[in-house]
Structure formats: structure tokens, C-alpha cells
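Working notes for the structure below.
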Amino acid sequence: MSARILSGKEFATKIKEAAKEDALAFRDEYGFMPGLAVIIIGEDSASQVYVRNKNKACEELGFHSEMIALPADTSKDELLSRIDALNADKKISGILVQLPLPKALQPFEYDVLNRIDPMKDVDGFHPVNVGRLVTGQESLVPCTPAGCVRMLELADIPIDGANAVIIGRSNIVGKPMMSLLLKKSATVTVCHSHTKNLAEICRNADVLVAAIGKPLFVKADMVKPGATVIDVGINRIEPKKLVGDVDYDSVKEVAGAITPVPGGVGLLTIAMLMANTVKAAKLQAGRI
Ligand code: NAD
């Protein structure tokens with residue numbers, strides 16, 4: 001039997017509707033809509049698409065939004081002073097610096113991310129937010145894993161007591177996903193490029209998350225029948241063809257539920273960014 005398709009569009013719509021309702025309630029109380037500032041440095045074309053989509057989502061929900069496009073040769077000091085100005089700007093609830101940074105700025109990535117006020121850190125990359133997440137405190141959580149877990153909840157897929165296996169240990173996806181699933185009482189295994197017996201470990205998963213960056217890496221024989229498979233990967237294999245980290249056509253015949261690529265996790269990420277922007281506004285207002 002073919003798997004239930006977990007449509008990113010369906011769940012992203014629900015997350016955005018809730019974020020909009022929250023934002024309108026915030027506006028009624030404080031007199032302004034939450035605002036998101038996105039800083040993009042350089043000309044990376046994938047980043048430009050992501051930033052445009054973030055802007056569009058703000059417009060759709062009626063959020064204030066500012067896009068700050070800086071040239072690739074922007075200095076570290078100039079970038080930090082832009083962040084300082086946004087930290088001080090009351091209209092701006094959330095600040096996001098689009099990654100990757102241009103080569104010359106990459107050695108300073110942590111200086112840049114750590115400069116963002118933790119209460120405006122809608123990407124959830126600041127060490128204060130990372131620490132709060134790991135210790136189970138209220139925090140701003142990275143959008144991609146937060147969106148995936150919200151989708152599991154909205155789809156009524158059990159997490160408590162489930163065996164969850166995550167392939168990938170990045171700071172952006174794998175590690176925060178581990179903390180979120182642990183917080184929801186899953187038994188979590190994190191695999192990576194040095195893991196032995198990967199297929200065997202994956203076959204034990206009730207929830208399998210692939211965040212690897214390798215096209216079609218997860219095959220049907222790595223998946224337990226009936227498992228939920230979340231494909232975070234976005235891999236461009238031809239100029240106009242995107243695939244995930246999961247071999248969707250074969251895995252959907254074994255899995256119980258699966259996210260497609262495109263049309264899956266990518267949409268949840270942007271929806272969660274909107275939810276995080278409202279959450280940031282409420283944090284700053286002392287409402288959380
Ligand atoms: P990353 O490169 O930082 O991490 C990849 C991880 O995969 C590493 O921890 C590595 O150990 C592991 N890995 C690599 N080869 C492996 C192997 N053979 N076996 C087991 N593990 C292996 O990547 P990332 O930033 O976490 O992104 C992963 C994928 O998710 C990429 O395709 C990226 O484009 C995509 N992504 C999508 C979204 C979204 O919104 N949908 C957001 C972030 C990332």
C-alpha cells in the first residue's frame with residue numbers, strides 16, 4: 001500500500017493561519033504588526049529565491065518586512081553595525097541573516113549570528129537559544145526542524161515513545177531536531193557520515209528524518225514498513241529538477257507516511273519563520 005503523503009502545503013497553511021491570527025491579536029494589543037528583517041549579502045541565486053519567498057510570506061500575512069541587500073564585499077564591521085541597528089529598531093521583531101555568507105565573511109559566521117539579539121533570533125541559531133532548547137526552556141527554535149515537528153503533531157503522528165532516527169547532525173537541522181524530538185519523549189538516534197550499520201539503525205525507526213544533502217540516499221530497504229519518513233534534503237540534480245535525500249518513488253511503497261520534495265519540508269520552514277516572528281514579538285513584549 002502506498003504511503004500517506006504529508007503535504008507541506010496543507011500543514012504550512014495551518015501554521016501560517018495560526019501565525020496570522022496570533023499576529024493580529026498582537027497588533028490589537030500593541031498597535032503594530034510583527035516585523036521581519038532579512039539581510040542578504042552577495043549574489044547567491046538560491047539565497048535570493050529563499051529571501052524572496054520569505055518576503056512574500058510576510059506580505060501574505062500582513063507582517064512588516066524589510067529586505068537589506070548588501071554587496072558581497074561588505075565588511076564584517078558594516079554587517080555587525082547593520083545588525084546593531086535592527087536590534088534597536090522597535091518595528092523589527094525578527095532578524096535573519098541569510099546563509100551561506102560570502103567566502104570572505106564565512107570565518108566570522110558565529111560573530112555575525114551571535115550579534116543578533118537572542119529575542120529577535122528567528123532562525124534560533126544564537127547560543128542562548130540553542131542552550132535554551134537543549135535544556136527544554138522556551139526558545140526560538142530553528143525553523144526547519146520546528147516545522148517538521150509541528151507537522152507531525154498536526155498530522156497526529158505519535159512521537160512519545162517512538163523510535164526516531166535522524167540522519168545528519170548539522171546545527172541547522174539534525175541537532176535541533178534531536179532536541180525537539182527528545183523534548184517530545186521520542187527515543188532519538190542521531191546518525192552521520194561516520195555511523196556504522198546505518199541501514200540497520202534506520203530500519204528500526206518509527207520516524208526517520210533525512211537531512212543529509214545527498215540525492216535519493218535513503219532507499220526502501222532502509223525503511224521499516226509503516227514508518228513516517230521526513231525528507232529535509234533539497235538537491236538540484238538538473239537545472240529544473242529538485243529531489244530530496246529520500247528515494248521517494250520506492251520508499252513511498254514501504255513507508256506509512258512521507259513528505260515529498262518539492263512540496264514538503266521547504267514550505268514548512270517558511271511557515272515556521274512566520275510563527276517564530278510572532279513568537280519573537282511576544283517574547284520582546286514580555287508575553288511569553
Ligand atoms: P549539512 O551538510 O550541514 O549536514 C549534512 C549531514 O549529513 C552531516 O551531519 C553529515 O554527517 C551527514 N552525512 C553526510 N553523508 C552521510 C552519509 N553517507 N551517511 C550518513 N550521514 C551522512 O546539511 P544541512 O544543512 O543539515 O542540510 C541537509 C539537507 O537539507 C540539504 O540538502 C539542505 O539543502 C537541506 N535543507 C533543507 C531545508 C528546508 O527548508 N527544506 C533547510 C535546511 C537544509
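Worth knowing before you read on, the calculation uses all heavy atoms, side chains too, and leaves out hydrogens, waters and symmetry mates.
- A donor-acceptor pair is defined here as one N or O able to donate and one able to accept, closer than 3.5 Å; such a pair exists between the side chain of S75 and the backbone of E78.
- Nearest heavy atom pair, residue A57 against residue I270, reads CB-CG2, 3.6 Å.
- Side chains of D231 and T259: a donor-acceptor N/O pair is absent below 3.5 angstrom, by distance only.
- Linking ILVMFWY side-chain heavy atoms closer than 4.5 Å, directly or via other members, places V229 and V165 in a single hydrophobic cluster.
- Residues in residues 175-188 take part in these side chain to side chain donor-acceptor pair (under 3.5 Å) pairs, two or more places apart or across chains: E153-K184, N171-K175.
- Q284 contributes a side-chain N or O that, together with a main-chain N or O of A280, makes up a donor-acceptor pair within less than 3.5 Å.
- Checked by atom type and distance alone, the side chain of Q106 pairs as donor or acceptor with a backbone atom of L101 at under 3.5 Å.
- Under a hydrophobic clustering in which Ile, Leu, Val, Met, Phe, Trp and Tyr are joined whenever their side-chain heavy atoms come within less than 4.5 Å, directly or via other members, V51 and I68 fall into different clusters.
- I258 and L267 are not part of a single hydrophobic cluster, where members link through side-chain heavy atoms under 4.5 Å apart.
- Residue pairs that meet the ring-ring contact (aromatic ring centres under 6.0 Å, His included) test with at least one member in residues 6-61, sequence neighbours left out, are F26-Y30, F26-F32.
- For N235 (side chain) and G244 (main-chain N/O), a donor-acceptor pair under 3.5 Å exists by modelled atom type.
- One finds the CD atom of E66 at 10.5 Å from the SG atom of C58 (value rounded to the nearest 0.5 Å).
- At a threshold of 4.0 Å, the pair D89-K91 counts as salt-bridged, since one of the basic side-chain nitrogens sits closer than that to a carboxylate oxygen.
- The side-chain heavy atoms of Q48 and Q98, taken from C-beta on, include no pair separated by under 4.5 Å.
- One distance of note links OG of S7 with CG of L268; it measures 8.5 Å at 0.5 Å rounding.
- By the criterion of side-chain heavy atoms lying less than 4.5 angstrom apart, applied directly or through intervening Ile, Leu, Val, Met, Phe, Trp or Tyr residues, M119 is not grouped with L36; the two fall into different hydrophobic clusters.
- Minimum heavy-atom separation, C148 to M177: CB-CE, 3.7 Å.
- Taking CD1 of I167 as the reference point, atom CD1 of I201 lies at 9.5 Å (rounded to 0.5 Å).
- Using a 4.5 Å cut-off between side-chain heavy atoms of Ile, Leu, Val, Met, Phe, Trp and Tyr, with links allowed through other members, L242 and V251 fall into different hydrophobic clusters.
- Evaluation of the salt bridge (Lys or Arg N to Asp or Glu O under 4.0 Å) rule for R203 yields no partner, not counting sequence neighbours.
- Using a cut-off of 4.0 Å between Lys/Arg side-chain N and Asp/Glu carboxylate O, K56 and E60 are scored as not salt-bridged.
- The distance from atom CG of L86 to atom CG of D117, rounded to the nearest 0.5 Å, is 11.0 Å.
- With hydrogens and angles left out, the side-chain atoms of D247 and S250 include a donor and acceptor closer than 3.5 Å.
- Put simply, the side chain of N87 gets close to the backbone of R115: a donor and an acceptor are under 3.5 Å apart.
- Listed for the T228 side chain is no donor-acceptor partner under 3.5 Å among the backbone atoms of A257.
- A distance of 12.0 Å separates CG of D221 from CD of E200, quoted to the nearest 0.5 Å.
- A donor-acceptor contact closer than 3.5 angstrom is absent between the side chains of S139 and Q137.
- Without hydrogens or angle criteria, H192 side chain to R169 main chain gives no donor-acceptor distance under 3.5 Å.
- Between L99 and F125, the closest side-chain pair of non-hydrogen atoms falls below 4.5 Å.
- Looking at N276, its side chain never comes within 3.5 Å of a backbone N or O of L140 through a donor-acceptor pair.
- Formation of a donor-acceptor pair under 3.5 Å by the K224 side chain with backbone atoms of D206 is not found in this model.
- For D245 (side chain) and K214 (main-chain N/O), a donor-acceptor pair under 3.5 Å exists by modelled atom type.
- In the model, T144 has a side-chain atom that pairs as donor or acceptor with a side-chain atom of T269 under 3.5 Å.
- With a 4.5 Å cut-off on side-chain heavy atoms, L198 and F217 count as touching.
- Looking at C191 and I166, their side chains never come closer than 4.5 Å, going by heavy atoms from C-beta outward.
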